[in-house]
Amino acid sequence: MKRELSEQEIIRRESLQKLKELGIDPYPSAIFEVNTTSKKIIANYKDNEELEVVIAGRLMSRRIMGKASFAEIQDSEGRVQVYINRDEICEEDKTMYNTVFKKLLDIGDIIGIKGVVFTTQVGEISVKAKELTVLTKSLRPLPLPKIDTDGVTHDSFTDPEKRYRQRSVDLVVNPEVKDAFIKRTQLTNSMRSYLNEKGYLEVETPILQPLYGGAAARPFKTHHNALDVELYLRIANELYLKRLVVGGFDGVYEFSKDFRNEGMSRFHNPEFTQMELYVAYKDYIWMMDLVEEMVEKIAIDLHGTTEVKAGENTINFKRPWKRYTMYEAIEHFTGIDISKMDEAKMSQTAKKLGVEVDKSMGRGKLIDEIFGKKCEGELIQPTFIIDYPVEMSPLAKKHREKEGLVERFEAICNGKEICNAFSELNDPIDQRARFEEQLELVKRGDEEAMLLDEDFLRAIEYGMPPTSGMGIGIDRLSMIMTNSSSIQDVLFFPQMKPKKD
RNA sequence: GACCUGGUAGCUCAGCUGGUAGAGCAACGCCCUUUUAAGGCGUGGGUCCUGGGUUCGAGCCCCAGCCAGGUCACCA
C-alpha cells in the first residue's frame with residue numbers, strides 16, 4: 001500500500017529529516033505551556049504595555065523579507081500575526097532563522113512562539129518573537145484560502161466532498177465551520193440543563209438490541225460472536241426508556257445515536273441523534289408546553305433572542321406556538337374538511353389533491369399522505385400538529401374522546417418535523433393488539449412495521465403509569481439553529497460512500 | 001432508486017470545432033530588517049476519475065462504471 005508522494009510531500013519529508021539532523025525534534029513530547037490565545041491578545045492589548053505572551057498554533061502564512069518576516073499563527077480561537085526578526089530569535093548562530101524558519105518550516109506546521117505584544121507601523125497588533133519552538137511538522141500541504149482587504153475569499157476550499165471526507169482540513173482552513181458545531185454543543189448543553197433542572201434523570205440504554213423497536217424503520221443488523229446471536233443497532237430508544245418508567249423512574253431522558261438503514265439525503269444520515277424524554281403522570285398536552293418552553297429557551301441561549309434565521313425565513317420560537325389538529329391543518333391548507341369522510345371518499349379527495357394513492361392505503365395512511373404533501377412543507381413557524389390516525393401510531397394511547405385517533409403531536413418547523421410525542425400507550429392488552437396489527441403488516445411485506453416485543457409487553461403488564469413521551473431530532477434542530485441547509489453541516493463526519501481506488 | 005450537473009497540478013479553476021496540457025496561488029532557487037490575498041526575478045510540478053470504443057490523432061466524441069452535489073422519490 002505504498003502511496004506515491006507528491007513533490008511537495010517529498011520536500012516536507014526532507015525538511016523533517018533536516019530538522020532532526022539539526023537536533024530539533026519535530027514531534028516533541030514536553031508540555032508547551034501556552035498562556036493566552038490569539039483572540040485574547042487582540043482583544044486585550046493596550047498600547048505601550050510590555051506584555052509577554054506564549055502562544056502556539058499552526059503557521060498559516062509567511063512573508064519573508066530578508067532578515068525579518070511576518071507570519072500568521074492560527075490557534076483554536078483565531079489568528080494573530082507574529083513578527084520574526086533574525087537577530088531577536090537568534091544569538092550568534094543564525095540557524096534558527098536562516099534555516100529552520102525560512103527553509104524547513106512550512107505552512108501548516110505547528111509552532112510555539114514566546115514574545116512580546118506590540119503594534120506594527122501599519123497598526124496591526126502582533127507578537128514580536130523572542131523564541132520559536134517547532135511543535136509538529138506537517139507533511140501534507142494544506143489547501144490555503146486567502147481573504148483580501150475587500151473581504152473576498154480566494155482559492156477557498158469548498159468542494160463538499162473533500163470537506164466532508166477530510167473534516168480536519170476543512171476545520172483548519174475554514175474556521176467558521178467550527179461555529180455550527182459549537183452551537184450544536186451549546187444546544188445539547190442547554191437542553192440537558194433544562195431537563196436536569198426539572199429533575200429528570202439522564203440514562204443510557206442499549207444500542208445493541210436483540211429486537212429493534214420504537215419506530216417504523218429498517219434496522220442495521222450485526223452479529224455477536226461469543227453469544228452467536230444476531231443483534232440490531234437501535235432505531236429508537238422508546239421501549240427501553242418505558243421499561244425504566246415501569247421500574248419507577250418518573251422522569252428519564254437519553255441523548256441517543258439511533259441508526260436507520262434507509263436512504264440518505266440532506267435531511268437524513270444513517271446515524272443520527274435524538275433526545276427522548278418520558279415523564280410519568282403526564283399527558284401529551286402537558287408535553288407540548290414543555291417542548292415550547294424548552295426550545296424557546298434553547299433559541300434564547302444560542303441567539304439571545306427567540307428569532308432565528310433559517311434560509312429565507314426568520315423563525316420565531318416565542319411561545320405560544322400555533323396548534324392545529326391534523327384535520328384542521330389539512331382544511332387550512334386545502335380548504336377541504338376530510339374529518340367525516342370514509343376511506344373511499346378520502347381516497348378520491350387525495351387523488352384530486354395530487355397525492356399518489358394505491359389500494360393498500362387505509363384511512364390513516366391517506367390522511368398522513370395528504371398532510372405530508374399539502375401541509376408539512378408550508379409550516380415554517382413552529383407549529384404543533386395534534387391527533388394522528390391510530391394506524392400510524394402503534395405505541396400511542398387512543399384519544400380520550402376522538403374515535404380512530406391517538407393522543408399524539410408533532411412539532412413542525414421550517415417545513416420539517418423536529419419533534420414527535422404522545423400520551424404513551426400503557427394498556428398492555430391494547431398494546432399487544434397493536435403489535436399484532438403490525439405483524440399483519442410485516443406479513444404483507446412492510447419492511448418497516450414493528451416487531452412484537454414480548455419482553456416489553458411483560459414489563460408494561462406489571463403496570464406503567466400514565467406517561468407522556470417525546471423524541472426530538474437533535475440534528476434537525478441544529479440545522480435550524482445554525483441556519484444549515486444540509487445535515488452534513490451539523491455532523492462532523494457525515495456518512496459517505498467509501499472511495500474505491 | 002430516477003433525472004440533471006460536475007470530477008484537469010497540493011488548492012481554485014481555464015482548456016475553442018478533436019490537433020504538443022494552461023493560469024493564479026502554493027512549492028523550489030536567488031534578492032530583500034515593520035509587511036498585509038499577491039515584494040521582485042527565475043525554475044520544477046499532470047494516472048486530465050476508471051475501463052473500453054470511434055479516429056491518423058481524444059482532456060474534449062460514444063458506451064460502461066466509480067465518486068460527489070442538486071432536484072425528486074423513499075424515509076411518520
Side-chain angles (χ1 to χ4, degrees), chain A residues 4-12 14-15 60-72 79 81-88 97 102-103 106-108 118-124 126 128 138-165 169 173 215-218 235-236 260-270 272 326 356 364-365 367-369 371-373 376 385 388-389 391-396 406 408-410 412 416-417 419-420 422 447-448 471 473 485-486 488 494 496-501:
Chain A
E4 197 115 331
L5 295 179
S6 70
E7 181 197 29
Q8 295 192 39
E9 289 175 296
I10 293 167
I11 291 164
R12 283 172 182 239
E14 286 166 3
S15 300
M60 295 306 281
S61 75
R62 236 177 352 166
R63 292 180 288 277
I64 298 173
M65 304 156 305
K67 301 186 186 67
S69 301
F70 287 92
E72 277 179 296
R79 287 189 189 187
Q81 177 170 269
V82 175
Y83 173 72
I84 298 178
N85 183 309
R86 188 189 70 186
D87 301 326
E88 300 238 17
Y97 184 80
K102 276 170 70 176
K103 305 275 181 196
D106 289 290
I107 285 170
F118 76 112
T119 306
T120 63
Q121 289 180 1
V122 193
E124 181 162 347
S126 307
K128 187 181 292 182
S138 162
L139 295 181
R140 285 178 187 257
L142 284 170
L144 202 66
K146 281 173 208 152
I147 299 162
D148 66 21
T149 38
D150 300 327
V152 181
T153 305
H154 301 261
D155 297 343
S156 53
F157 180 65
T158 52
D159 180 343
E161 172 172 8
K162 285 179 183 145
R163 287 188 46 222
Y164 300 145
R165 284 190 196 277
V169 174
V173 304
R218 285 152 69 185
I235 58 172
R260 297 188 184 175
N261 210 339
E262 291 164 351
M264 288 158 61
S265 75
R266 70 194 181 93
F267 292 104
H268 300 84
N269 195 64
F272 64 101
M326 204 166 213
E356 276 182 46
K365 181 74 181 161
I367 296 171
D368 192 62
E369 287 289 321
F371 177 79
K373 272 278 175 330
E376 192 173 12
I385 301 298
Y388 282 65
E391 296 92 324
M392 322 292 307
S393 315
L395 301 168
V406 289
R408 169 177 170 182
F409 71 84
E410 288 189 1
I412 314 280
K416 279 279 166 191
E417 172 200 343
C419 163
N420 183 16
F422 23 93
E447 290 182 278
E448 289 167 0
S485 59
S486 168
Q488 298 173 115
M496 303 287 275
K497 275 201 200 183
K499 273 273 200 191
K500 276 195 191 176
D501 21 37

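Model, not experiment: these values are computed from the prediction. Quick note on labels: first sequence line is chain A, next is B, and so on, each numbered from 1. Values below: every heavy atom of this structure, side chains too, minus hydrogens, waters and symmetry copies.
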Return the orientation label for the A:Phe70 and A:Tyr83 ring planes: parallel under 30°, perpendicular over 60°, tilted otherwise.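 Aromatic pair A:Phe70/A:Tyr83 classed tilted.
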Heavy-atom distance under 4.5 Å between the side chains of A:Glu376 and A:Glu417, does that happen here?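 When only atoms from C-beta onward are counted, A:Glu417 and A:Glu376 do touch, with a gap below 4.5 Å.
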Is there a side-chain contact between [X] and the phosphate of [N], meaning an N or O under 4.0 Å from OP1 or OP2?
{"X": "A:Arg165", "N": "B:C67", "answer": "no"}
{"X": "A:Gln488", "N": "B:G69", "answer": "yes"}
{"X": "A:Lys67", "N": "B:C32", "answer": "no"}
{"X": "A:Arg266", "N": "B:U71", "answer": "yes"}

Using the [atom1] atom on both, measure [N] against [M] and round to a whole Å.
{"N": "B:U50", "M": "B:C66", "atom1": "C1'", "result": "7 Å"}
{"N": "B:G10", "M": "B:U71", "atom1": "C1'", "result": "33 Å"}
{"N": "B:A14", "M": "B:G24", "atom1": "C1'", "result": "11 Å"}
{"N": "B:U8", "M": "B:U12", "atom1": "C1'", "result": "12 Å"}
{"N": "B:C16", "M": "B:U34", "atom1": "C1'", "result": "48 Å"}
{"N": "B:C32", "M": "B:G59", "atom1": "C1'", "result": "41 Å"}
{"N": "B:C60", "M": "B:G7", "atom1": "C1'", "result": "14 Å"}
{"N": "B:U55", "M": "B:C61", "atom1": "C1'", "result": "10 Å"}

Watson-Crick or G-U wobble partner for [N], using a 3.5 Å limit on both distances?
{"N": "B:U17", "value": "none"}
{"N": "B:A76", "value": "none"}
{"N": "B:G69", "value": "B:C4"}
{"N": "B:C30", "value": "B:G40"}
{"N": "B:C11", "value": "B:G24"}
{"N": "B:A64", "value": "B:U50"}

Select base, sugar-phosphate, or nothing to describe what [X] touches, counting heavy atoms under 4.0 Å on all strands.
{"X": "A:Phe118", "answer": "base"}
{"X": "A:Ile64", "answer": "base"}
{"X": "A:Lys103", "answer": "sugar-phosphate"}
{"X": "A:Gln8", "answer": "base"}

A:Ala215 versus A:Ile235, closest heavy-atom pair with distance: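 Reported closest heavy-atom pair: O-CD1, 3.3 Å.
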